[in-house]
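Everything on this sheet refers to the single structure shown next.
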Amino acid sequence: MEKLRLRFAPSPTGALHIGGVRTALYNYLLAKKHGGAFILRIEDTDQARFVPGAEAYIKEALEWFGLVPDEGPGYGGDHGPYRQSERKEQYRKYTTQLIESGRAYYAFDTPEELAAQREKEPNFKYDGRVRMQMKNSLTLSGEEVERALSEGVSYVIRLKAPENETVNFQDIVRGQVAFDSNELDDKVLLKADGMPTYHMANVVDDYLMEITHVIRGEEWLSSTAHHVLLYRSLGWESQMPAFAHLPLILRPDGKGKLSKRDGARFGFPVFPLAWKGKTEEDSFTGFREYGFLPDAAINFLALLGWNPGTEQELFSLDELVEAFSVERINKSGTRFDIDKAKWFNQQYIIKADAGDLLEKVRPIIAAHGYEPGDDFLLGFIGLMQERAITLDDFWENGYFFFEKPREYDTKVIQKRWDPERKGLFDELADQLDTLENYTADQIKAQTEAFINDKGLKFGEVLPMLRLGAAGTMKGPAIFEMMELLGKEETSRRLRQAFAFFDQIKLESN
RNA sequence: GGCCCGUUCGUCUAGGGGUUAGGACGCCAGAUUUUCAUUCUGGUAACACGGGUUCGAUUCCCGUACGGGCUACCA
């Protein structure tokens, strides 16, 4: 089998949507599974929608996920250039070829005229039924066409869709798909500004770049018939790539495909990284900023529309490469389930080595003004990683490791604090202060001895220590927590807390 | 409207002419942890509908319904 070549071909019109990431992922997986090439191609043929910075964003996002292209702008490769805006001569060359072979024609209808036409006739389609009523090189005399061209009259080049043919192709995901060529419109191939449309550019580039498989979203299924026609008309049918159209990622409520606005609407990210647009409306947070690990996000995305046929759920990128097969991609649309994504992230945080999490957690803590040493941070991560779903949870659920509790769970105080026993608790604090080695084991032994000595119960003492040190009943093992906090800090917190508990209790009486 | 695609628990899905229709997330309950989380155990819950074909259809075929996509000089 010849070497596989797959491309991910986003348009630099803004942040890369999460559905695009999944498309990139599947392309990457199939390429890597067979030792092929994963190519990034920038489809910047729409000058009006071009957004500076979008290409850089796309690359950064792919790299964050570990989906590094083998070829592409800035990545090298001998099939470049990889930006369509830099390949204009190629498209012109082949559209001219199509004109010469009678498969395409010049059209001089202005956008205004077409808009007016659609106004009159909402279902207007520029196709075989109407093309002879329009202003184009099929209806104008050769002389008129020549003159228009030489005078610089604005024109587009359109594909001349054939009559009474069935255009069918094999889709790896959907099997055979067929279209009646009479239903196909005369798509614009080359725009008035000299840029190709997606249809033309994608076919020419896939051919020239020797792409073997096109994996893209289902929104392209309908226009694939045009692409097949183009391959045929250009004489490239034997080199036509295999197609696989992916099911769309749908909104959580199932109403339509997931769009960029849905992130704000449903309260979760739909982009890999944060994007700063021109307006607040056009700015978004990303999976990274939301506290997701890239491997977890990839794992989640991989299973959105594909499954390995086994019951394995957790896959590293390498394992995905190994297990992937296009044949097991699903047909039906898939809703975006943030709860499942969070579960994956939690699993990845739990199974990570504390050391691997160090550099991911450090900036989150630093953002709140704390710069603990590695030992402390490592200890903290070890204690908290089973209690974090996102990276942000390390701070949200464990801030009290860095500063004293901001508040105390007063319900628990009301229920369990007995002012009569304040002296006892102070005495325990005194005893703990005498410990030489302030380790979890020692603290525990000392506390147990104290409890036995005073005839108390664990349930009467431990919750108060926890509350005093952390302010909340939620958290890691109390003695380990105290060890990490250290003798001095713990002691200070406990004494202040016990006094405060008394105060709360008194005020309420 | 037209064309194309789809439809198994709430969600992601496995399966496939004869199964107690399996797993995962979520949810609920219990165990463990004198907290929380983790972990473990159990529970809840599905083949859109109508016709065929067949001894037998959730599975195959045809309709219908519903959902989605496309229908630009956007990708």
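What's counted below: heavy atoms across the whole structure, side chains too, no hydrogens, waters or symmetry copies. From a predicted model like this one, the values you see are computed outputs, not experimental measurements. Here is how names work: the chains are called A, B, and so on, in the same order as the sequence lines, proteins then strands, and each is numbered from 1.
Distance NE2 (A:His227) to C1' (B:C4): 14 Å, rounded to an integer number of Å. B:G2 atom C1' lies 13 Å from atom CG of A:Asn182, rounded to whole Å. At whole-Å resolution of the value, NZ in A:Lys444 and P in B:U33 are 11 Å apart. Between the CG atom of A:Asp393 and the C1' atom of B:C36 there is a distance of 13 Å, given to the nearest Å. Protein atom NE2 of A:His226 is 11 Å distant from nucleotide atom C1' of B:C4, rounded to whole Å. Residue A:Met481 contributes atom CE, which lies 13 Å from atom C1' of B:A37 at whole-angstrom precision. As rounded to whole Å, 13 Å separates atom C1' of B:U13 from atom CZ of A:Phe315. The distance from atom CZ of A:Phe344 to atom P of B:U11 is 17 Å, rounded to the nearest whole Å.
For A:Asn307 and A:Arg328, the side-chain atoms include at least one donor-acceptor pair closer than 3.5 Å.
Here A:Pro476 lies in heavy-atom contact (under 4.0 Å) with a base. When heavy atoms are screened at a 4.0 angstrom cut-off, A:Arg328 is found touching the sugar-phosphate backbone but no base atom. Within the 4.0 angstrom heavy-atom criterion, no nucleotide atom of any strand lies near A:Gly309.
B:C47 is unpaired under the Watson-Crick or G-U wobble criterion, no partner having all donor-acceptor distances under 3.5 Å. Across all strands shown, B:C74 has no partner, as no Watson-Crick or G-U wobble contact with both distances under 3.5 Å is found. Base pairing annotation: B:C66 forms a Watson-Crick or G-U wobble pair with B:G6, both donor-acceptor distances under 3.5 Å. With a 3.5 Å ceiling on both atom-pair distances, B:A37 lacks any Watson-Crick or G-U wobble partner. B:G42 is paired with B:C28 under the Watson-Crick or G-U wobble criterion, all donor-acceptor distances under 3.5 Å. Of the nucleotides present, B:C55 is the one that pairs with B:G18 by Watson-Crick or G-U wobble criteria, both distances under 3.5 Å.
The phosphate of B:A14 (OP1 or OP2) has a side-chain N or O of A:Asn307 nearer than 4.0 angstrom. Of the side-chain N and O atoms in A:Thr310, none sit less than 4.0 angstrom from OP1 or OP2 of B:A14. Distances shorter than 4.0 Å separate some side-chain N or O of A:Asn330 from OP1 or OP2 on B:A14. Look at A:Arg174 and you won't find any side-chain N or O under 4.0 angstrom from OP1 or OP2 of B:C5.
Rounded to whole Å, the separation between the C1' atoms of B:C12 and B:A46 comes to 13 Å. Between B:U8 and B:C3, the distance separating the two C1' atoms is 28 Å to the nearest Å. A distance of about 48 Å separates the C1' atoms of B:A29 and B:C70, rounded to the whole Å. Taking atom C1' in both B:A57 and B:A21, the straight-line distance is 13 Å, to the nearest Å. B:A48 sits 14 Å from B:A14 when the P atoms are compared, rounded to a whole Å.
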Subject >> Nucleotide-resolved protein contact map, nucleotides 66-75 of chain B, B/S/- at heavy-atom distance under 4.0 Å >> reply: --BBS-SBBB
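No side-chain heavy atom of A:Gln442 sits less than 4.5 Å from a side-chain heavy atom of A:Glu483.
A cation-pi contact, defined as under 6.0 Å to the ring centre and within 45° of the axis, links A:Lys351 to A:Tyr348. At least one cation-pi condition fails for A:Arg216 and A:Phe243: the charged atom is not both under 6.0 angstrom from the six-membered ring centre and inside a 45 degree cone around its axis.
Under the 30°/60° scheme for interplanar angles, the aromatic rings of A:Phe500 and A:Tyr408 are found to be tilted. Taking the six-membered ring for Trp and thresholds of 30 and 60 degrees, A:Phe498 and A:Trp417 have nearly parallel ring planes, at less than 30 degrees apart.
When each of A:Arg131, A:Lys160, A:Arg158 is paired with A:Asp186, the salt bridge (Lys or Arg N to Asp or Glu O under 4.0 Å) condition holds for A:Arg131 and for no other.
Closest contact between the side chain of A:Asp339 and the listed nucleotides B:U35, B:G26, B:U11 involves B:G26. The nucleotide whose nearest atom lies closest to any side-chain atom of A:Phe179 is, among B:U11, B:C3, B:A14, B:C3.
When the nearest nucleotides of RNA chain B are assigned to A:Leu303 and A:Val173 by heavy-atom distance, the more 5′-ward of the two goes with A:Val173. Both A:Glu460 and A:Arg335 lie close to RNA chain B; mapped to their nearest nucleotides by heavy-atom distance, the more 5′-ward contact belongs to A:Arg335.
For A:Glu319, the salt bridge (Lys or Arg N to Asp or Glu O under 4.0 Å) criterion is met by no residue, not counting sequence neighbours.
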**OP:** Could you walk me through whether A:Leu432 and A:Gln446 pass side-chain contact (heavy atoms from CB on, under 4.5 Å), step by step?
**Re:** CA-CA 7 Å; A:Leu432 293 174; A:Gln446 185 66 252; 3.7 Å; yes
**OP:** Verify ring pair (Phe, Tyr, Trp, His ring centres under 6.0 Å) between A:Tyr26 and A:Trp306, making sure each step is shown before the conclusion.
**Re:** CA-CA 9 Å; A:Tyr26 286 7; A:Trp306 171 83; 7.2 Å; no
Original post:
Stepwise, does the side-chain contact (heavy atoms from CB on, under 4.5 Å) test hold for A:Phe336 with A:Phe266?
Top reply: CA-CA 11 Å; A:Phe336 187 89; A:Phe266 297 106; over 6 Å; no
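Applying the 3.5 Å distance criterion, the base of B:U35 shares a donor-acceptor pair with the side chain of A:Arg466. Remark: the A:Lys474 side chain and the B:A37 base include no donor-acceptor N/O pair separated by less than 3.5 Å.
Scanning both residues, A:Ala388 and A:Phe394, for their nearest heavy atoms gives CB-CE1, 3.8 Å.
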Which pairs, protein N/O on one side and nucleotides 38-42 of chain B N/O on the other, fall under 3.5 Å?
{"residue": "B:U38", "atom": "OP1", "partner": "A:Gln346", "partner atom": "NE2", "Å": "3.4"}

